[in-house]
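Structure first, commentary second.
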Amino acid sequence: MANVGLRIKTTINRPSKELVASFAGLPVANIGDMMNRTFCIDAKIRPINAAPLLGSAFTVKVRPGDNLLLHKALDMAQPGDIMVVDAQGDMSNSIIGELMVLWAKKRGLGGFVIDGAIRDIGTLKNMDIPIYAAGITPAGPYKDGPGEINFSVCCGGVVINPGDILVGDEDGVVVIKPEDAPEILKKTQAKNLAEQKTMVDIENMAWDRTWVDKALSSQNCEYID
C-alpha cells in the first residue's frame, strides 16, 4: 500500500562522476544562460560559505520545521551527493546545524541546498563543505516527520529529481538534467571562450556595441532632443 508523504526510495540513478566533474570551475551564470536562464534556483537561497558546490542531487522533502527524514537521508547518501532539501521555504525552525553538517562531512557528502532555514552559522560559514540556505534561525527542528526521500522536490522554484547535477558558486545554484548535461557543457565552454575574447576587446577598447542601437531600432525607440 502506498504511503504518499512518508516514503523512501532506496536506489537512485546517478550520473557518472566524470560527467559531474566536467562542470568544475564553470561559472554558474554561464551555465544558466545556456539553459535560457530557466533552471537557476531562486536568489533567496544563498551560499553560507565560500566552498564551491558540485555533485548530484539526493532529494529530501520534509514537513516545515521538521528534519526526521533529513537525518535518515544523511545516513543513506553516498559520498559526493548533494542533499537537496525541500522545506517549503519555512523560516520558523532550522533544518540543519553544526552537528549534522559535521556528520555529512565525515561521510564525504558533497553539500547542502536547503529551501528553509539553518543555524550555527558562526561555525558553518567557516567550513569547507558547501551550504546554501534560504535563512538562519536559532530555533531548532522537530523530529516527527512525515517526509520523503529520493522523490521529486521543488527547491527554490526549480523541480529537482534525484541524480540531477547541481553546480553552485557565489552567484547561486543551477540545476542540470543529466541527459542535457553533455550539450550544456559544450555550449558553456564555448560561451566561456567567447567571454574571454570579449574581455580582450574591452581591454583594447574594441568591444562591438552596435547591437545596442540595433535592438533599440527594432523596437522603434524614440529619441527626443
Side-chain angles (χ1 to χ4, degrees), residues 1-15 20 38-42 44-46 48 53-97 99-119 129-137 139-168 172-181:
M1 178 182 296
N3 192 10
V4 175
L6 183 54
R7 54 186 180 174
I8 297 171
K9 280 186 181 178
T10 57
T11 58
I12 62 174
N13 293 320
R14 294 174 174 84
V20 174
T38 55
F39 288 92
C40 297
I41 287 179
D42 191 280
K44 70 180 180 182
I45 298 179
R46 302 302 306 150
I48 300 303
L53 179 136
L54 179 64
S56 58
F58 195 97
T59 61
V60 188
K61 183 175 179 62
V62 300
R63 178 174 65 83
D66 189 287
N67 71 358
L68 176 61
L69 271 292
L70 178 53
H71 272 282
K72 179 61 177 177
L74 288 178
D75 294 336
M76 294 176 58
Q78 295 183 8
D81 284 347
I82 305 295
M83 309 301 297
V84 178
V85 186
D86 176 4
Q88 300 181 44
D90 182 69
M91 296 289 111
S92 59
N93 298 85
S94 59
I95 299 301
I96 65 164
L99 298 181
M100 294 176 73
V101 175
L102 285 172
W103 180 239
K105 180 175 169 57
K106 195 71 174 177
R107 298 201 63 245
L109 305 190
F112 294 85
V113 178
I114 300 177
D115 197 347
I118 65 171
R119 67 178 179 178
I129 178 171
I131 304 167
Y132 290 72
I136 302 164
T137 179
Y142 300 97
K143 294 174 172 58
D144 305 309
E148 296 187 335
I149 296 175
N150 284 328
F151 288 82
S152 297
V153 297
C154 183
C155 187
V158 178
V159 174
I160 301 175
N161 294 302
D164 284 352
I165 298 170
L166 296 135
V167 189
V173 179
V174 68
V175 182
I176 309 164
K177 302 300 179 189
E179 60 269 26
D180 298 328

- Message: Treating Arg63 as the side-chain partner and Gly145 as the backbone partner, does any N or O pair qualify as donor plus acceptor under 3.5 Å?
- Response: yes
- Item | Separation of Leu74 CG from Met83 CE (nearest 0.5 Å) | 5.0 Å
- Message: What I want to find out is whether Asp66 reaches Lys143 closely enough, with some N-O distance under 4.0 Å, to be called a salt bridge.
- Response: no
- Which pair of non-hydrogen atoms, one from Pro15 and one from Pro178, has the smallest distance, and what is that distance? CB-CB, 4.2 Å
- Message: Whether the side chain of Asn150 engages the backbone of Lys9 through a donor-acceptor N/O pair (distance < 3.5 Å, no angle test) should be reported.
- Response: yes
- Query: Can you name the one residue among Val101, Ile118, Leu53, Ile82 that meets side-chain contact (heavy atoms from CB on, under 4.5 Å) with Phe112?
  - Reply: Val101
- Message: Do Glu148 and Ile8 have side chains that approach each other closer than 4.5 Å (heavy atoms only, starting at C-beta)?
- Response: no
- Message: Taking Ser94's backbone N and O only, do any of them form a donor-acceptor pair with Thr137's side chain (distance below 3.5 Å, no angle check)?
- Response: no
- Query: Can you name the side chain to side chain donor-acceptor pair (under 3.5 Å) partners of Arg119, sequence neighbours left out?
  - Reply: none
- Message: Distance check, rounded to the nearest 0.5 Å: Ile48 atom CD1 versus Ile129 atom CD1?
- Response: 13.0 Å
- Message: So does Ala87 get a backbone contact from the side chain of Asp90, meaning a donor-acceptor N/O pair under 3.5 Å?
- Response: no
- Measure across Asn93 and Pro141 and return the closest heavy-atom pair with its distance rounded to 0.1 Å. CB-CA, 4.2 Å
- Find the distance between CG (Leu6) and NZ (Lys61) and round it off to the nearest 0.5 Å. 13.0 Å
- Shortest non-hydrogen contact from Gly5 to Pro146? O-CB, 3.2 Å
- Pairing residues for Arg46 by the salt bridge (charged side-chain N to carboxylate O under 4.0 Å, His left out) criterion, not counting sequence neighbours: none
- May I ask you to test the Asn67-Ile96 pair for a side-chain heavy-atom distance under 4.5 Å? no
- With rounding to the nearest 0.5 Å, note down the distance linking SG in Cys154 to CG in Asp86. 6.0 Å
- Task: Spell out, as yes or no, whether a donor-acceptor pair under 3.5 Å connects the side chain of Asp164 to the backbone of Lys177.
- Result: no
- Message: Give me the atom names and distance for the closest heavy-atom approach of Cys40 to Val158.
- Response: O-CG2, 3.7 Å
- Task: Taking the side chain as every heavy atom from C-beta outward, state whether Asp81 and Ser56 have any atom pair closer than 4.5 Å.
- Result: yes
- Message: For the CD1 atom of Ile41 and the OH atom of Tyr132, what is their distance to the nearest 0.5 Å?
- Response: 9.5 Å
- Item | Pair Val60-Val153, side-chain contact (heavy atoms from CB on, under 4.5 Å): steps then yes or no | CA-CA 7 Å; Val60 188; Val153 297; over 6 Å; no
- Is there side-chain contact between Ile45 and Val173, with heavy atoms separated by less than 4.5 Å? no
- Quick one: CZ on Arg107 to CG on Leu102, what's the gap to the nearest 0.5 Å? 14.0 Å
- Item | For the student: nearest non-hydrogen atoms of Asn161 and Thr59, plus distance | C-CG2, 3.9 Å
- Task: Search all heavy atoms of Ala77 against all heavy atoms of Leu109 and return the closest pair with its distance.
- Result: CB-CD2, 3.7 Å
- Query: Is atom CG of Asp75 surrounded by more than 12 heavy atoms (other residues, nucleotides or ligands) closer than 6.0 Å?
  - Reply: yes
- Item | Close side-chain approach of Phe58 to Ile149, heavy-atom, < 4.5 Å | yes
- Item | Heavy atoms from other residues, nucleotides or ligands near NZ of Lys72 exceed 12 (cutoff 6.0 Å) | no
